[in-house]
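Take a look at the structure set out below.
In the text below, chain A, chain B and the rest are named by the order of the sequence lines, each starting its count at 1.
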2 protein chains.
Amino acid sequence: MSTSFQQHKAGDLHFLKRLNRSAILELVRRTPGLTRADIATQAQLTKATVGTGVQSLLNQGWLSEGELQKSSGGRPGRALHLNDRHYVMLGAEVGVHGLRLVACSLSGEVLASHHEHLVPTTPEVTAGLLAERLHSLHSAPSVSDRHCLGVGVALPGPIDPRKPVLRLAPNLGWRDIRFLELLRPHFPKLEGTWLMDNEAKSAAFGEFYFRTGQVPDSLVYVSAGTGIGSGMVEGNHLPLLSRGLQGLAGEIGHTILQPGGLYCHCGNRGCAETLVSGWSIRAALGIAEDEELVESLLPRLQEENVQLTLRRAGEALGTLLLNLHHTQNPSELVLGGSLVQLGAPLLDPALAYFKANQNRLLGTTQQVPLRVIEDSTFIAARGAAAQVLASVIHGPSDLI
Amino acid sequence: MSTSFQQHKAGDLHFLKRLNRSAILELVRRTPGLTRADIATQAQLTKATVGTGVQSLLNQGWLSEGELQKSSGGRPGRALHLNDRHYVMLGAEVGVHGLRLVACSLSGEVLASHHEHLVPTTPEVTAGLLAERLHSLHSAPSVSDRHCLGVGVALPGPIDPRKPVLRLAPNLGWRDIRFLELLRPHFPKLEGTWLMDNEAKSAAFGEFYFRTGQVPDSLVYVSAGTGIGSGMVEGNHLPLLSRGLQGLAGEIGHTILQPGGLYCHCGNRGCAETLVSGWSIRAALGIAEDEELVESLLPRLQEENVQLTLRRAGEALGTLLLNLHHTQNPSELVLGGSLVQLGAPLLDPALAYFKANQNRLLGTTQQVPLRVIEDSTFIAARGAAAQVLASVIHGPSDLI
DNA sequence: CAAGTAAGTAAATAGCTTGAACTTACACGC
DNA sequence: GCGTGTAAGTTCAAGCTATTTACTTACTTG
């Protein structure tokens, strides 16, 4: 269960037709307002092919026609946009501290959302509750009249790359859970794509896929919360999300930053998470599990030991970012997760370290764009919805 | 200049035809001995399409027919193989200590090779010498009667992902070199693909692309020599080699393993290369630049300080491997480079650390295959040749 | 030796993109 | 206000590719 679409080795005429439809849709998605003529130029197709392709996408509710462009001497072209009123994707995140749900339009706009706190419990109970909330969201006023493309679920742990199994979620206490199998029976009628993925990977995918205009070649999302994870997306036309052999790609919280350092819950020594993570900050400052970490720390940011702890964690985070820079060198880095809300005491040392050291090797002045997401509440859920959309556009669906 | 082929967003009938030819060729390449019927099943094409496709590939010298398969009740199928006698690719590596060249058949067999030592000099002189050697290789008895698909060059530094520029080769003292532009004028007649890439990436690509039978989903090659670099390849049908925004993907020698540690030549502190690399071992043991590192160390392996130095370097190497495991989690790790020749004193601690700690997080017993290449003299050059082949098969060539 | 089975080939058919001609729609100059 | 120029978008016959169906080939089994 993933977003690595069958690289369709070969195909027939129907396959070619679908490929061209996908290409047209992707072009308009990435560059809203394109005319048929623009598409023909960019996709290397003839006007005729684009014309019929666009017509069928209009009929099926994927695209809508907009205003006329300004003429540049001849007949003005008609702008094309995503039809943002016909389809909807549902996305959800099962986090350590609660459930987050969104209903998304094709362009990534959040039509409706829901967030509730939840103490970690069994997969079955969680699935039941999530199903209930999904049903509510699906019947919300702005959602219920749309065709639903599917449901994506983001989970806090590594996913098997070959089958939809959550291998481990240390902070939920789950292991080898086929979460979709618990969820689907609650939706006997809802057709469409069902998928699940790691939360950092879903978030990375969403941040990449819903981008319009200048799209980066690759993007890494770093999720800093109870644990630290990352996801990398790459490849413009057919975005690829690496999972790795065991789904461990992006488990950067368990890269070693301090050989011989403190013991991590995984059993290794000196993991990044022993230096920067929700749990290590709790441990350093003696904050109990049942207290909200961010809420209890925000009033205490002036305390000296809090400042010191966060500065050290921030330096480790900066090192982690630099190591990603020298391992995957993404075109854009995005930093999210609940720890971001701790603000400057944590982030300033991290960003300062990264900015000061990223160009040492090449000696250039080009800075890798690094974006900090202040409120990442719904980022992973929205990313899971993006994965649903991508699986429909690039996958074997006959909706296109 | 790279191996990220235009993801041909869309296409016409001719494009589809070419796609199917490529798919057939790739299938036979990966699984020699396949029959037309097998191909039809695996590529989801009809017998008729496969028949005409195979015929055209036979005519063009890509495939050859082999023996009849054993019948399973009906007419036996005829085995298909790569025609390993018609084409040739040239690959070269410009290393810190010399030039390595190979001529490769389609299956990756080295038909002829050449290795010579060379003290670092200017790009122009190097290109002139390499051109001379390439000419010799091209006119070697087993090579000259074949059609040459092109030339690939592997270089010891990061390559710009958008244009064929070697941005930096610290150990050669080069910066921003358009090496192909120095090389091509020496070959007024030789048509075909010309490309250059980082040596670890070329090596990774070759190890992945020439594999037959069970092909891993992804592969990381770690090149341990004067510096430390890596390359990752992913995606079975259309192998993708990530370079990153600035070509820094795989510069794992400059990931920080020891915050606040020794200064690296890049200006940062605690880079992996300060702990494990040709130059850091030289520095630790006082071996001069003009001595061959491996040759001078092999007789001294019993010395206590040598053992200690190599053990510490080995532990750092093990950490590096573990960090790759938790960042990219490749299906297979391959370790090459000149330092491998130092053998057990360096490798044992590295492999032991990696094996002991790779499964802590998931708690499984599945071991990631880790292959050590004893003699990696021609690995990168052969990989560059593989990239030439891939660019012909997947690129816009009309040879297929 | 006949029947059965599966691989591979040949010819007619269906479906997609193309190319060229055509229509539409605006801008510009007089 | 009108004619000309330019470019967007549409229409339809033509060309090309994969498929479908029927057929031939070639070996195994009873």
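- The side chain to side chain donor-acceptor pair (under 3.5 Å) pairs that include a residue from residues 24-38 of chain A are A:Glu26-A:Arg29, A:Glu26-A:Tyr209, A:Glu26-A:His394, A:Thr35-A:Asp38, A:Arg36-A:Glu65, where partners are two or more places apart or lie in different chains.
- Residues of residues 25-39 of chain A having a heavy atom closer than 4.0 Å to DNA chain D, listed by number: A:Thr35, A:Arg36, A:Ala37.
- Atom CD of B:Gln214 sits in a sparse spot, with 12 or fewer heavy atoms from other residues, nucleotides or ligands closer than 6.0 Å.
- For the pair B:Leu13 CG and D:dA14 C1', the interatomic distance rounds to 12 Å; values are reported in whole Å.
- Of all nucleotides in DNA chain C having an atom under 4.0 Å from a heavy atom of chain A, the first and last in 5' to 3' order are C:dG15 to C:dA27.
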Derivation of the side chain to side chain contact (heavy atoms under 4.5 Å, CB included) call for A:Val233 and A:Leu241: CA-CA 5 Å; A:Val233 201; A:Leu241 195 48; 3.8 Å; yes
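- Nucleotide D:dT19 holds its P atom 12 Å from the CZ atom of A:Phe15, rounded to whole Å.
- Taking the side chain as every heavy atom from C-beta outward, A:Leu82 and A:Leu25 approach each other to under 4.5 Å.
- Looking at residues 46-59 of chain B, you'll see B:Thr46, B:Ala48, B:Thr49 sit with a heavy atom under 4.0 Å from some atom of DNA chain D.
- Applying the side chain to side chain contact (heavy atoms under 4.5 Å, CB included) criterion to B:Pro369, with sequence neighbours excluded, gives B:Glu332.
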CA sep, side-chain torsions, deciding dist, call: A:Asp217, B:Arg243, salt bridge (Lys or Arg N to Asp or Glu O under 4.0 Å): CA-CA 10 Å; A:Asp217 290 324; B:Arg243 281 179 190 69; over 6 Å; no
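- A search for side chain to side chain contact (heavy atoms under 4.5 Å, CB included) contacts involving A:Ser397 returns A:Arg18, A:Val392, A:Leu399, not counting sequence neighbours.
- Take A:Glu67 and apply the side chain to side chain contact (heavy atoms under 4.5 Å, CB included) test, not counting sequence neighbours, and it matches A:Gln69, A:Ala79, A:His81.
- End-to-end axis angle of the helix from C:dC1-D:dG30 to C:dC30-D:dG1, from C1' rotation axes over five pairs per end: 10° (rounded to 10 degrees).
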Quiz: residues 145-154 of chain A side-chain donor-acceptor pairs under 3.5 angstrom, not counting sequence neighbours:
| from | atom 1 | to | atom 2 | distance (Å) |
| --- | --- | --- | --- | --- |
| A:Arg146 | NE | A:Ser142 | O | 3.1 |
| A:Arg146 | NH1 | A:Asp84 | O | 2.9 |
| A:Arg146 | NH1 | A:Tyr87 | O | 2.9 |
| A:Arg146 | NH2 | A:Asp84 | O | 3.1 |

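- Between atom CG of residue A:Asn20 and atom CD1 of residue A:Ile400 there is a gap of 12.0 Å, rounded to the nearest 0.5 Å.
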For nucleotides 3-5 of chain D, tabulate all protein N/O to nucleotide N/O atom pairs closer than 3.5 Å, reporting atom names and distance.
| from | atom 1 | to | atom 2 | distance (Å) |
| --- | --- | --- | --- | --- |
| D:dG5 | N2 | A:Gly73 | O | 2.5 |

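- Among pairs with a residue in residues 69-78 of chain B, none fulfils salt bridge (Lys or Arg N to Asp or Glu O under 4.0 Å), at least two apart in sequence or across chains.
- Judged as a side chain to side chain contact (heavy atoms under 4.5 Å, CB included), and not counting sequence neighbours, B:Glu191 has no contacts.
- If you measure from atom CG of B:Leu68 to atom P of D:dT25, you get 15 Å, rounded to the nearest angstrom.
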